[in-house]
Visitor: 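Structure in structure tokens, see below.
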Protein chains: 2
Amino acid sequence: MRATIKDVAKAAGVSPSTVSFIINNKPVPISKDTREKVMRAVEELHYRPNQLAVGLVTNTTNTIGLILPDSTNPFFATLSNQIEIKLRQKNINVIIGNTSGNAKITREYLRIFSDRCVDGIILAQLDFEDEEETAKCQKLIHSIDIPIIYVDRVADERNHYSVEVDQKLIGYLATNHLLDLGHTRIGCASGSINLNVNSSRYEGYRTALKERKLTPDPNLLFCDSLSIECGIKALPDLLGQNVTAIFAFNDMIAYGIYKECRNYNLSIPGDLSVIGVDNIVLSDIIQPPLTTVAQPVTQIADYVVKGMLDLMKIPNIEFEHVKLNPILKVRASTMQAV
Amino acid sequence: MRATIKDVAKAAGVSPSTVSFIINNKPVPISKDTREKVMRAVEELHYRPNQLAVGLVTNTTNTIGLILPDSTNPFFATLSNQIEIKLRQKNINVIIGNTSGNAKITREYLRIFSDRCVDGIILAQLDFEDEEETAKCQKLIHSIDIPIIYVDRVADERNHYSVEVDQKLIGYLATNHLLDLGHTRIGCASGSINLNVNSSRYEGYRTALKERKLTPDPNLLFCDSLSIECGIKALPDLLGQNVTAIFAFNDMIAYGIYKECRNYNLSIPGDLSVIGVDNIVLSDIIQPPLTTVAQPVTQIADYVVKGMLDLMKIPNIEFEHVKLNPILKVRASTMQAV
DNA sequence: TTGGTTTATTAAAACGTTTTAATGATTTTG
DNA sequence: CAAAATCATTAAAACGTTTTAATAAACCAA
């Protein structure tokens with residue numbers, strides 16, 4: 001049986017209050033003698049406060065909830081890992097909820113985390129196929145009154161603290177790189193275009209084309225999901241449109257294209273240039289190494305954690321909207337158009 | 001402000017007990033009328049029970065803690081993802097602790113999870129460099145009296161429920177495959193040999209060699225960590241020993257070897273056969289597709305979840321020790337020795 | 001000495017639930 | 001019709017903490 005504060009109190013011959021004051025270092029005068037007695041009892045009984053009880057009375061749990069689409073995706077895996085490590089140093093624990101990008105599950109986790117009295121929530125996607133669903137989530141977020149930070153996949157709203165990467169710029173950088181290499185028919189392999197991430201990247205793509213007086217061809221946009229399968233499906237479709245390069249909206253999609261290129265006996269970048277987004281660890285290892293637009297994960301995590309700590313201190317602090325810049329990593333999957 | 005059970009009781013004109021009985025479907029007679037009044041009040045106030053309070057009195061939190069070395073590693077990412085999804089269906093949440101394979105952090109998480117009254121702990125590594133540290137962990141586990149399941153990286157002990165993959169068989173299968181192809185000087189790129197996973201795999205390797213009357217050469221064992229870096233370091237070392245094939249103790253190590261082979265202008269499998277362990281998603285996409293020994297992640301997760309649910313129902317149920325078989329996936333990174 | 005501080009400690013309320021035992025009201029039974 | 005049984009509801013204790021206000025003892029100044 002776990003020792004309680006009463007057990008400690010009894011063992012030390014003092015009251016529970018005294019024990020509480022001592023273990024929490026409250027600014028209350030305590031005689032040297034009792035302090036020692038209590039500390040000894042704590043040691044001997046291996047006493048540790050029950051965090052449920054502590055949470056109930058203090059109304060803080062030193063826990064934050066992290067809601068993300070898929071921790072299997074290396075980008076989110078790294079992000080959540082970094083967040084966890086940084087928060088642990090502040091004695092804050094992380095509960096994770098994977099939503100598969102599903103609005104219902106997102107709401108479920110919002111409620112669950114709220115029921116558990118987390119001190120804050122980090123939300124990595126609030127933006128769904130169905131606008132109505134998105135609205136429901138927003139409403140819920142508003143009603144559960146917990147500090148919240150949006151990260152990475154940010155909806156268009158200014159009522160929350162947010163940390164994001166400039167998604168348009170991602171599209172712009174990727175497309176510009178391909179244009180610089182002389183490509184003009186550039187396919188896009190995207191996730192659902194109803195999602196902000198994707199539409200923003202696509203917008204960046206269009207901007208880059210227009211700057212060079214090129215007209216974006218809507219047939220060059222293939223939409224599915226941000227996964228390997230998308231790449232596999234996109235390749236034949238886009239080849240049919242005679243593209244010489246593909247802008248994959250993330251590295252996973254690019255991997256799918258790599259895989260399918262083998263079936264078509266196409267060489268990258270000889271027959272097709274490919275550029276991705278995220279700069280997953282393996283993109284440097286895959287053959288040929290993948291040119292990609294990196295999102296500064298560590299920096300994101302830094303800002304998110306900093307923001308969360310601020311928000312926990314001063315709940316109605318003025319919201320910041322951090323926007324970070326992506327970085328183009330040129331490797332060997334893109335080359336001059338012939 | 002969140003509504004409490006008292007608020008609901010007041011709104012419905014009944015006592016808190018009545019509300020509690022109703023929302024928890026207790027086998028207590030309740031008039032149709034009050035039931036309706038209460039349900040209406042619950043709806044209107046958006047009442048949801050505070051889980052801290054519930055946990056405090058019921059002594060269950062519907063939470064389990066998952067302790068693993070590194071959720072960034074795709075194998076563990078998939079494992080934890082699967083576990084989370086399956087447990088969510090039983091209304092159980094998962095708290096994750098990443099330890100980086102560090103015994104101190106492991107103990108810290110054990111204590112934290114215990115403080116939070118998790119209903120069970122799934123522990124994916126209990127086996128460290130330093131035996132003393134391992135012992136300390138064991139002792140701690142014993143003292144916090146919470147259902148626990150060991151998974152994947154299991155220490156040599158029979159006092160706990162465990163789910164693991166036959167690690168010796170992994171080594172044996174990998175080595176046998178290379179031997180079948182005519183390789184005889186086979187290097188090993190391993191994580192620390194003091195860890196059970198690695199020593200077992202190495203033992204399987206030795207067994208396979210001996211079965212063919214070959215003497216294992218200790219110089220062919222390179223030890224570092226189960227990461228890309230290990231592969232990068234291992235390659236020059238093992239090439240110095242004139243190996244024709246390398247058994248990488250996981251796929252990440254194999255990726256490191258792939259990467260480094262480019263610097264040495266070596267072709268896989270032409271100049272060097274490589275086999276990995278884990279069958280990470282990307283191993284099928286990397287060029288050449290990696291031959292590897294797969295661990296049945298989904299099955300592991302199934303057994304772990306099943307075991308945990310059993311254990312939560314009957315804490316002193318007889319311990320099971322599930323041992324699953326690995327599966328050899330032959331792809332294109334291994335070929336006949338010349 | 002008296003009364004005011006300071007020092008050290010504690011009793012008791014509070015946090016939001018569940019659960020046991022008690023209480024009334026109603027119905028059934030003999 | 002009284003006693004017993006059933007039905008519907010509630011009061012109060014409990015879970016393990018923190019925190020406020022109260023108490024008691026020791027010290028000090030006038």
Side-chain angles (χ1 to χ4, degrees), chain A residues 1-39 41-42 45-63 111-112 114-119 144-145, chain B residues 1-39 41-42 45-63 111-112 114-119 144-145:
Chain A
M1 249 325 39
R2 238 182 119 92
T4 72
I5 201 170
K6 286 181 196 165
D7 299 328
V8 176
K10 196 171 289 174
V14 299
S15 75
S17 338
T18 306
V19 177
S20 178
F21 291 149
I22 292 175
I23 59 179
N24 292 307
N25 274 314
K26 293 286 168 182
V28 166
I30 301 280
S31 77
K32 194 163 191 173
D33 181 49
T34 33
R35 169 162 274 122
E36 272 169 11
K37 273 191 303 183
V38 168
M39 292 311 271
V42 166
L45 299 177
H46 297 111
Y47 172 69
R48 307 196 99 222
N50 177 322
Q51 290 306 128
L52 294 181
V54 173
L56 194 56
V57 43
T58 62
N59 220 11
T60 58
T61 53
N62 290 316
T63 308
R111 278 191 280 256
I112 289 172
S114 161
D115 295 348
R116 293 179 174 246
C117 308
V118 296
D119 297 335
I144 67 176
D145 183 40
Chain B
M1 248 329 33
R2 239 183 117 93
T4 72
I5 200 169
K6 286 180 195 164
D7 299 326
V8 175
K10 195 170 290 173
V14 299
S15 75
S17 336
T18 307
V19 178
S20 177
F21 292 149
I22 293 176
I23 59 178
N24 292 308
N25 275 315
K26 292 287 165 181
V28 166
I30 302 280
S31 77
K32 195 165 190 173
D33 181 50
T34 34
R35 169 163 273 123
E36 273 169 11
K37 275 189 302 183
V38 167
M39 292 310 270
V42 166
L45 300 177
H46 297 109
Y47 172 69
R48 309 195 98 224
N50 177 321
Q51 290 305 128
L52 293 180
V54 173
L56 194 55
V57 43
T58 62
N59 220 11
T60 59
T61 52
N62 291 315
T63 307
R111 277 191 281 253
I112 288 172
S114 162
D115 294 348
R116 296 183 170 243
C117 307
V118 296
D119 297 336
I144 68 175
D145 183 38

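None of these values were measured; they are calculated from a predicted model. Below, chains carry the letters A, B, ... as their sequence lines are ordered, and counting in each starts from 1.
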Visitor: What is the separation between atom CD1 on B:Ile22 and atom P on C:dT19, rounded to the nearest whole Å?
Guide: 15 Å

Visitor: Taking the side chain of B:Ser17 as heavy atoms from C-beta outward, which of D:dT10, C:dT17, D:dT19 is closest to it?
Guide: D:dT10

Visitor: Between B:Lys6 and C:dG16, is there a side-chain N or O to OP1/OP2 distance below 4.0 Å?
Guide: no

Visitor: Kindly indicate whether the side chain of B:Val19, heavy atoms from C-beta on, has any atom under 4.5 Å from the side chain of B:Val14.
Guide: yes

Visitor: Can you tell which of D:dT20, C:dT17, D:dT17 lies closest to the side chain of A:Thr4?
Guide: D:dT17

Visitor: By nearest atom, which of the nucleotides C:dT17, D:dT9, D:dT17 is closest to the A:Ala53 side chain?
Guide: D:dT17

Visitor: Please give, in whole Å, the distance from C:dT18 C1' to B:Asn59 CG?
Guide: 12 Å

Visitor: Is any side-chain heavy atom of B:Arg116 closer than 4.5 Å to one of A:Thr63?
Guide: yes

Visitor: Respond yes when some side-chain nitrogen or oxygen of B:Ser20 is under 4.0 Å from OP1 or OP2 of C:dT17, and no when none is.
Guide: no

Visitor: May I ask you to verify if any side-chain N or O of B:Lys26 is less than 4.0 angstrom from the OP1 or OP2 atom of C:dT18?
Guide: no

Visitor: Taking 4.0 Å as the cut-off, does a side-chain nitrogen or oxygen of B:Thr18 come that near to OP1 or OP2 on D:dT10?
Guide: yes

Visitor: Which pairs, protein N/O on one side and nucleotides 23-27 of chain D N/O on the other, fall under 3.5 Å?
Guide:
none

Visitor: Using rotation axes that map the C1' atoms of four end pairs onto the next four (five pairs an end), what angle separates the end axes of the helix from C:dT1-D:dA30 to C:dG30-D:dC1, to 10°?
Guide: 60°

Visitor: Given atom CG of A:Leu52 and atom P of D:dC15, what is their separation to the nearest angstrom?
Guide: 14 Å

Visitor: Could you check B:Leu56 against B:Gly13 and say which one's nearest nucleotide on DNA chain D is further toward the 5' end?
Guide: B:Gly13

Visitor: With no hydrogens and no angle check, is any side-chain donor or acceptor of A:Asn24 less than 3.5 Å from a backbone partner on A:Lys26?
Guide: no

Visitor: Check whether any side-chain N or O of B:Asn50 sits under 4.0 Å from OP1 or OP2 of C:dC15, and answer yes or no.
Guide: no

Visitor: If only atom types and distance count, is the side chain of A:Ser20 paired as donor or acceptor with the main-chain N or O of A:Pro16 below 3.5 Å?
Guide: no

Visitor: With the side chain counted from C-beta on, respond yes when B:Asp115 and A:Arg2 share a heavy-atom pair under 4.5 Å apart, and no when they do not.
Guide: yes

Visitor: Check every strand shown and say whether A:Arg2 touches a base, only sugar-phosphate, or nothing at a heavy-atom separation below 4.0 Å.
Guide: nothing

Visitor: Taking A:Cys117's backbone N and O only, do any of them form a donor-acceptor pair with A:Thr61's side chain (distance below 3.5 Å, no angle check)?
Guide: yes

Visitor: Could you check whether B:Ser15 and B:Thr18, counting side-chain N and O atoms only, form a donor-acceptor pair closer than 3.5 Å?
Guide: yes

Visitor: Listed in order of residue number, which residues of residues 28-36 of chain B have a non-hydrogen atom at under 4.0 Å from DNA chain D?
Guide: B:Val28, B:Pro29, B:Ile30, B:Ser31, B:Thr34

